[in-house]
Amino acid sequence: MSAGINGHAIAAIYKFEMNRTFRTIWQSIAAPVLTTTLYLIVFGAGLGGRISPFHGVPYGAFIVPGLIMLSVLTQSVANASFGIYFPKFSGTIYEILSAPVGALEIVIAYVGAAASKSLILASVSLATAFLLVPLRVDHPILMLMFLTLTAFSFSLFGFIIGIWADGFEKLQIIPLLVVTPLTFLGGTFFPISVLPAAWKAVALFNPVVYLISGFRWSFFSQGDVNIGVSLAATLGFLSVCLLIVWRIFQTGWRLKN
Amino acid sequence: MASPIISVKGLNKTYRTGFTALKDVNLDIERGEIFALLGPNGAGKTTLISIICGIVNPSEGTITADGFDVVRQPRHARSRIGLVPQELTTDAFETVWNTTSFSRGLFGKSPNPAHIEKTLKSLSLWDKKDSQLRTLSGGMKRRVMIAKALSHEPEILFLDEPTAGVDVELRRDMWDVVRGLRESGVTIILTTHYIEEAEQMADRVGVISKGQLILVEEKTELMHKLGKKELSLQMAEPLAALPAGLEAYALDLSSDGATLTYTYDTQQERTGITALMTALQKAGVRFRDLQTKQSSLEEIFVSLVHQGDRR
Ligand SMILES: Nc1ncnc2c1ncn2[C@@H]1O[C@H](COP(=O)(O)OP(=O)(O)O)[C@@H](O)[C@H]1O
Ligand SMILES: [Mg+2]
C-alpha cells in the first residue's frame, strides 16, 4: 500500500456495514418501510379522502415526500451513529485504530454505507407509495439529488453522534429528542402555510422544513419555501456536518486514550 | 548488527486520569526474534503494546517500527504490524472467513483467498470458516483473532497474553504456531504473566513492573546470570539441629532433619560450595546424596520485582 488513500479498507468497512444491514433486513429495511406504509395507509388512503387537496395535490400524495424524508433522516442518523458507536462499545474498534486508515477512509466507509442503506430504503418506500397513492414526480433528477444529499448529510450527522456518544442513551437522545420532533413539525403532514403566522415564523428556524419543502417541490413543483433556498439550506447543513467531522479529527478522536 | 525492527525511546504515558502507566521505557526489538514482555497485572504491558500499535497516544518519547515513526508515519508503521489484543472482542455475527478477510482489507491488502485459506488451516480453523464467531469457544475465538492479525502478512506480530484462559492443549498448539511464524521470519512480541510461556518461547525477556522496564536479557543469559541454585544434601542420619560451626552458610534444615539446603548465587565468583563441604566434614555431618537445582524464571521474576519495589 502506498501512502495514499487505503481503498481496500474503505471497501472492507463498507462491505461489513452492508452485510450487517442485510443480515438484519427485517429490522433495518422492512420495519422502516412498513412504518412508512402504515402512515400512508392511515393518513393517505384513510383520512386523506376527507382532507381537501393542497393546490391540486391529493393529501395521500402530499405526505409522501415528507414521510420518505422522515424515514431517511431517522434511519441515516440511527445507522451511521450505531455503525461507529458499536465497535467502540464492543471493543472491536481496536482493529480500526491499529490499521493503516485515517479519518477520511473511516468517514467515507461508515457514512457511505449508512447513506446507501437510506437510499435503498427510500427507493422501496417510494415504490410502495406509487402502489398506494396517486403520485407524480415532476423533477426526478432533482428529487434524487435531494435524497442523496439528505442521506449523506444526516449520515454524517449520525456519525458525529456516534463518535460523541459514550453510552446507548446518548446514542438515542438526539434522534428521539431532536430529529423526530423537527421532522414531525417540519411539514411532513401539512404545509407550513396552514400554521398561524407566529408559528410559521418559528417553523422557518427548523432546518428540516427546508429539506422537506425542497424534496416536495421536486415531486409537485410546489413547496413552503423557494426551491433555491431549500437547496442552499441542504448544502449548508452538509457543510456544517463536514466541518464538525473535520474538527473532530483535527482535535483528536474521542476514540483514543 | 541489523537495525532493530522496533525501537522505543524515552516513552512515557500518563493517562487522562493522571495515572502514569509507563516511565521512561527504552527498548529495541531485533528482527526475527521472539521477545517476551513479562510482568504482573497492571505493570503496563498492554499500554506499551497499544502505544506501539497506535491505539493509545504516547505522552512523550518516540517509537519506530521498521524505521517508520508510529505517530508521524502511521500508515507505513501500522501496515507492518499485526495485533492480537488481550481482550476477546469479536463481531459475534460475522463468519470466520468474513472477519479474517475484513482484516486483510482493512490493512490495505488486496483480497487473497489462498492466503486466508492457508492462515485458517494453520490455526485449525478451516472447518469453522463459515461459522459465526458467537458459536465458537473462547480458545477458538482467540485463534480467529490470531488469524485476523496474520491475514495481512505482518512482519511484526504482537500477542497480548495469547494464552490467558486457554487450556493446556491449545496453549501448546499456539506455541507451535508462534514458532512456525518465527521460522518464516516474523518478529513476535508477546506479553504474559505465565513465566512458563516466556521460558518455553522467548529468545529474550523484558521484565516490566509498575511501568518501568527493569530488565532486558537473553533468556538463557538471564537464567544463567540471575539464577540462584540450590544444593540439597540428603543426610545419612537425620539431624536434630544444625551443628555448630555452620552458621555462616544460612543453611536450611528440613523439619524431619533429613535434608539440608544451601542456596548460592551462580553470579558470584565463589559459590562457597568447597568451603561448605569442608565445614560439613569438620562438623562431622555425613550425607548420602546431593542434588543441585536451577531456579526457574518465576523465582527470578519474583526476586526482580521485589528488588524493583525496594528502589
Ligand atoms: N484507559 C486508561 N485510563 C487510566 N488508566 C489506565 C487505562 N488503561 C490502563 N490503565 C492503568 O494503567 C496500568 C497499566 O495497565 P496495563 O497496561 O493494562 O497493564 P498490564 O497489561 O501489564 O496488565 C494499570 O494500573 C491500569 O489500571
Ligand atoms: Mg494487559
Side-chain angles (χ1 to χ4, degrees), chain A residues 1-28 82-110 112-113 166 248-257, chain B residues 13-17 19 21 46-47 49-59 68 70 73-95 98-112 132-133 145 148-149 151-152 154 158 160:
Chain A
M1 189 200 70
S2 71
I5 190 165
N6 183 350
H8 290 299
I10 297 178
I13 298 175
Y14 184 87
K15 193 169 156 223
F16 176 90
E17 282 295 295
M18 293 313 278
N19 278 346
R20 185 167 67 81
T21 302
F22 292 121
R23 207 165 44 225
T24 56
I25 194 153
W26 287 106
Q27 180 199 328
S28 57
F82 188 83
I84 187 68
Y85 175 75
F86 195 73
K88 287 203 298 179
F89 170 76
S90 72
T92 53
I93 191 89
Y94 86 87
E95 202 179 13
I96 289 165
L97 292 179
S98 67
V101 297
L104 192 62
E105 287 99 336
I106 293 178
V107 172
I108 292 176
Y110 279 106
D166 52 14
I248 286 177
F249 285 110
Q250 279 243 310
T251 54
W253 278 78
R254 254 194 102 100
L255 291 176
K256 283 197 204 184
N257 282 304
Chain B
K13 174 63 187 179
T14 301
Y15 279 110
R16 254 172 285 186
T17 55
F19 181 82
T46 300
T47 302
I49 287 191
S50 301
I51 292 175
I52 299 174
C53 294
I55 296 171
V56 170
N57 293 318
S59 304
F68 295 105
V70 302
Q73 300 159 293
R75 285 172 194 263
H76 288 290
R78 291 178 191 179
S79 60
R80 287 160 171 79
I81 299 178
L83 165 66
V84 183
Q86 181 175 352
E87 304 291 334
L88 278 177
T89 52
T90 50
D91 291 297
F93 296 98
E94 282 287 330
T95 64
N98 282 352
T99 199
T100 312
S101 307
F102 168 82
S103 301
R104 186 177 171 86
L106 199 60
F107 278 76
K109 290 269 161 67
S110 49
N112 182 347
Q132 287 191 347
L133 296 176
M145 297 188 74
K148 282 164 77 68
S151 67
H152 56 93
F158 284 94
D160 198 356

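Keep in mind that the numbers below use all heavy atoms, side chains included, and drop hydrogens, waters and symmetry copies. Quick note on labels: first sequence line is chain A, next is B, and so on, each numbered from 1.
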What residues, two or more places apart in sequence or in another chain, satisfy side chain to side chain contact (heavy atoms under 4.5 Å, CB included) together with B:S101? B:W97, B:I116
Walk me through whether A:T24 and B:F93 qualify under side chain to side chain contact (heavy atoms under 4.5 Å, CB included). CA-CA 10 Å; A:T24 56; B:F93 296 98; over 6 Å; no
Check each atom of B:T90 against the heavy atoms of chain A and say whether the ones under 4.5 Å are side chain, backbone, both or neither. backbone
Region of B:Y15 in contact with chain A, defined by heavy-atom distances below 4.5 Å: side chain
Going by heavy atoms in the side chains, are [X] and [Y] under 4.5 Å from each other?
X     : Y      : result
B:P85 : A:E95  : no
A:I13 : B:F102 : yes
B:E94 : A:N19  : yes

Closest-packed option against chain B by number of heavy-atom pairs under 4.5 Å, given A:K15, A:R23, A:R20: A:R23
OG1-CE distance between A:T92 and B:M145, expressed to the nearest 0.5 angstrom: 9.0 Å
Got a second to check how far B:K109's NZ is from A:N6's CG, nearest 0.5 Å? 10.5 Å
Closest heavy-atom pair and its distance - [X], [Y]:
X      : Y      : result
A:Y94  : B:I55  : O-CD1, 3.8 Å
B:F107 : A:P100 : CD2-CD, 3.3 Å
A:A12  : B:L106 : CB-N, 3.9 Å

Tell me, please, which residues at least two apart from B:F158 pass ring pair (Phe, Tyr, Trp, His ring centres under 6.0 Å). none
